[in-house]
Amino acid sequence: MSNPGRVARRVSDSRSDKPARHTGDRRQDEEAKMATAAIVRPERADDGKQRTTGVLLAGGIAAGPVFAVSVTAQVLTRDGFDLSRQPLSLLALGEHGWIQIATFVVSGLLALVGAAGMRRVLPPGQPAGTWGPRLVAVFGIGLTIGGVLVADPSMGWPAGAPQGPAETMSWHAVGHGVGAMLAFWSLTVACLVFARRDARAGRRGAAGFSLAAAVAVVVVMAWPDQDSISVRMALGSGVVFGWLSVVCARLLAVTSR
């Protein structure tokens, strides 16, 4: 016959083992969850950062089209405006001047957003990683300044303005000129910075595109014919905005891979 004491001990031991097994199972489950979280969380963080970078670069892409659509619509619809004589900056004056003011400011802010996206894709230490985003940011700041500080009435715009240049420049007209110079020349230098970056990486097409954009801006803006300055400034704006959209689109394609 079996010893009742041994049977009782076996039953007791088997009962005491079950909680131990359950505790071990729970520990294994917790360790598995922790391991899974350690793997998944960085991926989710990377995905979130990539999406944010994409949104920022999309802002840089949009800066040019926003500016182009707005000024084209205004040139075609504002009675009396003549691009052959009157610079685009003068659209900020008159009854609907707020539209051009908003165009300058919004385009400038979008360029700043694009610069932030560039900063994420091109960290310091990489070619163009330091000065590329900075110069694009200066471009955005210059545009914003040009919107907040408007030019003086001149060249017959708006109605009643002097038919030639303003005899004296107001403080806000001086500020507008400073903003315009910052915008044009900072992005021209940025073209050269990216041309060097692409040339060092063996991307001859991209390097040639950036170099051609820089040369085009210099030639267009430095051309000695003063009678065509308004048209040349419009062409220069198209070049720099087009270059910015293309570069941001290229960087966006890299981050999407």
Side-chain angles (χ1 to χ4, degrees), residues 42-43 45-69 71-72 106-144 146 179-223 232-257:
E43 292 179 353
D46 290 342
D47 290 343
K49 183 178 180 180
Q50 183 176 348
R51 283 193 297 269
T52 302
T53 302
V55 171
L56 294 173
L57 290 172
I61 296 171
V66 167
F67 187 88
V69 169
V71 298
T72 301
V106 171
S107 298
L109 294 177
L110 288 173
L112 284 170
V113 167
M118 287 183 174
R119 178 67 177 77
R120 286 171 170 246
V121 180
L122 303 170
Q126 289 190 10
T130 299
W131 284 106
R134 289 181 180 178
L135 289 165
V136 173
V138 172
F139 171 72
I141 293 171
L143 282 175
T144 306
M181 286 191 295
L182 282 175
F184 272 110
W185 297 120
S186 63
L187 215 61
T188 302
V189 176
C191 290
L192 297 175
V193 169
F194 275 89
R196 179 174 178 269
R197 171 181 181 268
D198 290 325
R200 291 177 62 182
R203 295 185 289 267
R204 295 182 179 179
F209 169 72
S210 293
L211 180 60
V215 172
V217 173
V218 172
V219 171
V220 167
M221 298 303 296
W223 197 261
R232 288 188 284 112
M233 289 182 68
L235 291 174
S237 299
V239 172
V240 293
F241 271 118
W243 177 85
L244 177 62
S245 293
V246 170
V247 170
C248 286
R250 284 177 49 215
L251 295 176
L252 178 60
V254 171
T255 61
S256 301
R257 291 175 184 172

Colleague: Work out which heavy atom in Cys191 is nearest to a heavy atom in Ala214; give both atom names and the distance.
Modeller: CB-CB, 3.7 Å
Colleague: Measuring from Thr188:OG1 to Met221:CE, what's the distance to the nearest 0.5 Å?
Modeller: 8.5 Å
Colleague: Atom CG in Leu56, atom CG in Leu110: separation rounded to 0.5 Å?
Modeller: 11.0 Å
Colleague: Calculate, to the nearest 0.5 Å, the distance between atoms CG and CG belonging to Leu182 and Leu143 respectively.
Modeller: 10.0 Å
Colleague: Would a 4.5 Å heavy-atom cut-off, applied to side chains only, mark Leu109 and Val106 as touching?
Modeller: no
Colleague: Might you point out which heavy atoms bring Gly59 and Val113 nearest each other, and give the distance in Å?
Modeller: CA-CG1, 4.3 Å
Colleague: Apply side chain to side chain contact (heavy atoms under 4.5 Å, CB included) to residues Val218 and Trp185 and explain how you reach the verdict.
Modeller: CA-CA 9 Å; Val218 172; Trp185 297 120; 4.0 Å; yes
Colleague: Give the intermediate values and the outcome of side chain to side chain contact (heavy atoms under 4.5 Å, CB included) for residues Met118 and Val247.
Modeller: CA-CA 9 Å; Met118 287 183 174; Val247 170; 3.7 Å; yes
Colleague: What distance do Phe194 atom CZ and Leu211 atom CG have between them, rounded to the nearest 0.5 Å?
Modeller: 14.5 Å
Colleague: Using 30° and 60° as the class limits, which term best fits the ring planes of Phe241 and Phe139: parallel, tilted or perpendicular?
Modeller: perpendicular
Colleague: I need the minimum non-hydrogen distance between Ala199 and Ala207, along with the two atoms involved.
Modeller: N-CB, 3.6 Å
Colleague: To the nearest 0.5 Å, what is the distance between OG1 (Thr255) and CG (Leu57)?
Modeller: 5.5 Å
Colleague: Kindly indicate, with the supporting measurements, whether the criterion side chain to side chain contact (heavy atoms under 4.5 Å, CB included) is fulfilled by Val240 and Leu244.
Modeller: CA-CA 6 Å; Val240 293; Leu244 177 62; over 6 Å; no
Colleague: If you compare all heavy atoms of Thr53 against all heavy atoms of Gly117, which two are closest, and at what distance to 0.1 Å?
Modeller: CG2-O, 4.0 Å
Colleague: Between Leu187 and Leu135, is the side chain to side chain contact (heavy atoms under 4.5 Å, CB included) condition met? List the steps.
Modeller: CA-CA 6 Å; Leu187 215 61; Leu135 289 165; 5.9 Å; no
Colleague: Please collect all side-chain hydrogen bond (donor to acceptor under 3.5 Å, both in side chains) contacts where either partner lies in residues 235-250, sequence neighbours excluded, each pair once.
Modeller: Asp198-Arg250, Ser210-Trp243
Colleague: Considering non-hydrogen atoms only, spot the tightest contact between Ala115 and Pro133 and give its length.
Modeller: CB-O, 3.5 Å
Colleague: Evaluate the side-chain proximity of Trp223 to Leu235: yes if any heavy-atom separation is below 4.5 Å, no if none is.
Modeller: no
